[in-house]
Structure formats: structure tokens, C-alpha cells
Amino acid sequence: MEPDTAPRRLDHVERAHLRSPGDASHVLHRYDAPPEFAGLLERFWIPVWSVPPGREAPQQVLQYPVTLLVVSGDYARFYGVVPGLSTTTLTGDGWAVGVMCAPAAGALVARGSVAPYTDRHVPLAEVLGAGGERLTARVRAAMAADPASPAAHGEAMAAFGDALRPLLPVDAEGDLVNRVVAFVEGDREVVRVAQVCAEFGLSERALQRLVRRRLGLTPKWLIQRRRLQEAAERLRGSGTPLAEVAALLGYADQPHFSRDFSRVTGMTPGAFAARYA
């Protein structure tokens, strides 16, 4: 077997966050969710930013197949999965406290299918009711004095924990979708929906219904997203020829890979490598 030419492995956040080289607009604080939330929550991220007047700092993400809950000084939102490239533009001074849910969590927060939330967001109170309003108030109070303080972060995360703990334990279907996503994300050899069906003993129709209900997307999208995230990772650090990247990720040819990559990111693989490497 030939040696793998993968670059330095990026962590779970870096791999998805297409941060431009030299972007000093913000400091990103990250914390794993407490073990009690295993299967429901994955991690917290707390960006604190300062962008000079008249300037903007776009942040682009190839989002994972999960929902997000975010509270800032200006808004509090529940985000469905963005199937394309997610862009948030930072301006002025600010902060946000977000939690990256596990795949199972979206339907528990939304109390039903997350398909209606795909590629959109709604106020947190729309899905959590009065609990969402209490959560927002607690997070803003915690972050008011010093948004860079670890103590403030701890208080804000505790507020999220108190609001979301009633959703535990994760249901059996939620556990199944967590395992499906972990299987697809963890094995580069998974390039066909039929492989996922075989692994979990599901018909293609049953798998489609599961992924649609819990994630708002399709099994094919899960596979494509993992491939594009790994492509972005490799293009940022390895200097691997594009044809080789396409082959490593299971594409039949380089043009197919380039079309998929360009459609989602708005850049050819070559332009992306030139910008982000």
C-alpha cells in the first residue's frame, strides 16, 4: 500500500472552518461538552472579535451535519444545517456563545423533523419557548463584563446545559443517526449510500427517511460533505496534486471532483489552495 499523503490533521473545528491566513479578527475559545451530554452536544465555541470600523471579516464554514444553538449580544438563534457554504460576517466588537449539537439533537430541540430548518435559522425562543428566553438572558448576563473571561464562559455554558439537559437521554433513533454520521465521517472508503445501508441493515428508503428527519438532508449529502471537508483539509496543507486528491477521496476523475468542490465553495480547488494553503 502506498503511503497516505494527508497533511497535518486538522481538528474537528479547523477542518470545517475555512479561516483565511492572517485573519486576526477574532479569538476562538473552544470547549468540549461535559460527558453527561454525550450523544446530545459535541462542543462549545466562543468567538470574541474586534474588527476595525468600516471593515468586515467574513467567516466561512463547511458545516458538519448538525444543528447549532447560538447566543450573542444581538441575537439568539437555532440553526438548521447549511447544505452549501455557511458565511457569517463579523463587524465591530462582539462575541457569541454557540453549541455544536450532535446529529441526534436537532430533532429533540425542534420537537420534530429538522427538515423545515435546513438552510435557515429561527429565534431560539421559537424552539425552546420560555426556556430559550431564560437561556439568552443568562448567557448575556454571564458575558456582559468580560467576554474573554474563562469564568464567563463557564457560566454561559452552564446556562446551555441547564436548558438542554431535559432533552436527555437521547432516543434510540437519535443514537442510530449519531452512529450513521460517525461511520460516514470516520471512513474515507465510504463513497456510496449502499455501503451505509449495508453497515446498519437499513433499506435505502429507510436511511433516507432517517437522515431527512434528523438532519434535514440526504445520505448522499453526508458522504459528499465529508469528502469536501477532507479535500479542503488536504488543499490547505499538503501540496498534493489535484488529480491525486480526487483519487484519494474516491472520485472517478478530477473534473467530477472540481465540479463538486466549486459548486459548494464557489472556488475551484486550485484557487482554494492558492488562497488558503
Side-chain angles (χ1 to χ4, degrees), residues 9-17 27-48 61-72 76-81 95-111 114 117 124 127-129 131-132 134-143 146-187 196 199-200 210-211 213-216 222 225-226 229 233:
R9 300 299 293 180
L10 302 176
D11 74 16
H12 203 51
V13 173
E14 292 174 322
R15 190 179 187 190
H17 189 182
V27 175
L28 183 61
H29 306 270
R30 295 175 289 172
Y31 305 90
D32 290 335
E36 68 170 305
F37 292 103
L40 184 72
L41 306 179
E42 295 196 357
R43 70 170 70 206
F44 293 89
W45 81 97
I46 304 177
V48 181
V61 178
L62 282 168
Q63 188 181 335
Y64 283 93
V66 296
T67 56
L68 311 171
L69 287 80
V70 184
V71 175
S72 77
R77 296 170 179 165
F78 172 71
Y79 288 83
V81 180
W95 56 267
V97 180
V99 62
M100 177 177 169
C101 297
L108 299 177
V109 174
R111 295 178 175 81
V114 297
Y117 302 95
L124 205 52
V127 290
L128 293 180
R134 289 191 296 271
L135 168 60
T136 301
R138 283 186 61 186
V139 171
R140 288 175 178 167
M143 298 290 286
D146 181 4
S149 163
H153 300 171
E155 292 176 15
M157 291 186 290
F160 272 97
D162 290 344
L164 300 176
R165 189 173 290 107
L167 300 179
L168 291 170
V170 172
D171 60 300
E173 185 185 80
D175 177 68
L176 174 60
V177 79
N178 282 346
R179 290 187 288 117
V180 166
V181 171
F183 175 67
V184 172
E185 290 184 345
D187 189 346
V196 185
E199 175 70 16
F200 293 95
L210 170 71
V211 175
R213 184 166 54 249
R214 302 300 298 223
L215 304 176
L222 287 179
R225 179 50 49 106
R226 188 215 69 232
Q229 285 178 337
E233 180 178 18

Q) Are any side-chain N or O atoms of Asp32 and backbone N or O atoms of Arg43, one a donor and one an acceptor, separated by less than 3.5 Å? A) no
Q: Check for a donor-acceptor pair, side chain of Arg226 on one end and backbone N or O of Val184 on the other, with a separation under 3.5 Å.
A: yes
Q.
Using side-chain contact (heavy atoms from CB on, under 4.5 Å), reason through Arg165 and Phe37 one step at a time and then give a plain yes or no.
A. CA-CA 8 Å; Arg165 189 173 290 107; Phe37 292 103; 3.8 Å; yes
Q: Using a 4.5 Å cut-off on heavy atoms from C-beta on, say whether the side chain of Phe200 contacts that of Phe183.
A: yes
Q: List for me each residue that meets side-chain hydrogen bond (donor to acceptor under 3.5 Å, both in side chains) alongside Asp171, sequence neighbours excluded, and say none if there are none.
A: Arg214
Q) Do Thr67 and Val109 come within less than 4.5 Å of each other through their side chains, counting heavy atoms only? A) no
Q.
So does Gln63 get a backbone contact from the side chain of Arg225, meaning a donor-acceptor N/O pair under 3.5 Å?
A. yes
(Q) Strictly distance-based, threshold 3.5 Å: is any side-chain N or O of Glu42 a donor or acceptor partner for the main-chain N or O of Ala33? (A) no
(Q) Between Arg140 (side chain only) and Ser72 (backbone N and O only), is there a donor and an acceptor less than 3.5 Å apart? (A) yes
Q. Can Asp162 and Arg134 be said to form a salt bridge (charged side-chain N to carboxylate O under 4.0 Å, His left out), step by step?
A. CA-CA 10 Å; Asp162 290 344; Arg134 289 191 296 271; over 6 Å; no
Q) Residues in side-chain hydrogen bond (donor to acceptor under 3.5 Å, both in side chains) with His29, at least two apart? A) none
**Q.** Stepwise ring-ring contact (aromatic ring centres under 6.0 Å, His included) test for Phe78 and Tyr117
**A.** CA-CA 9 Å; Phe78 172 71; Tyr117 302 95; 5.3 Å; yes
(Q) Closer than 3.5 angstrom, by distance alone: can the side chain of Arg111 be matched with the main-chain N or O of Val127 as a donor-acceptor pair? (A) yes
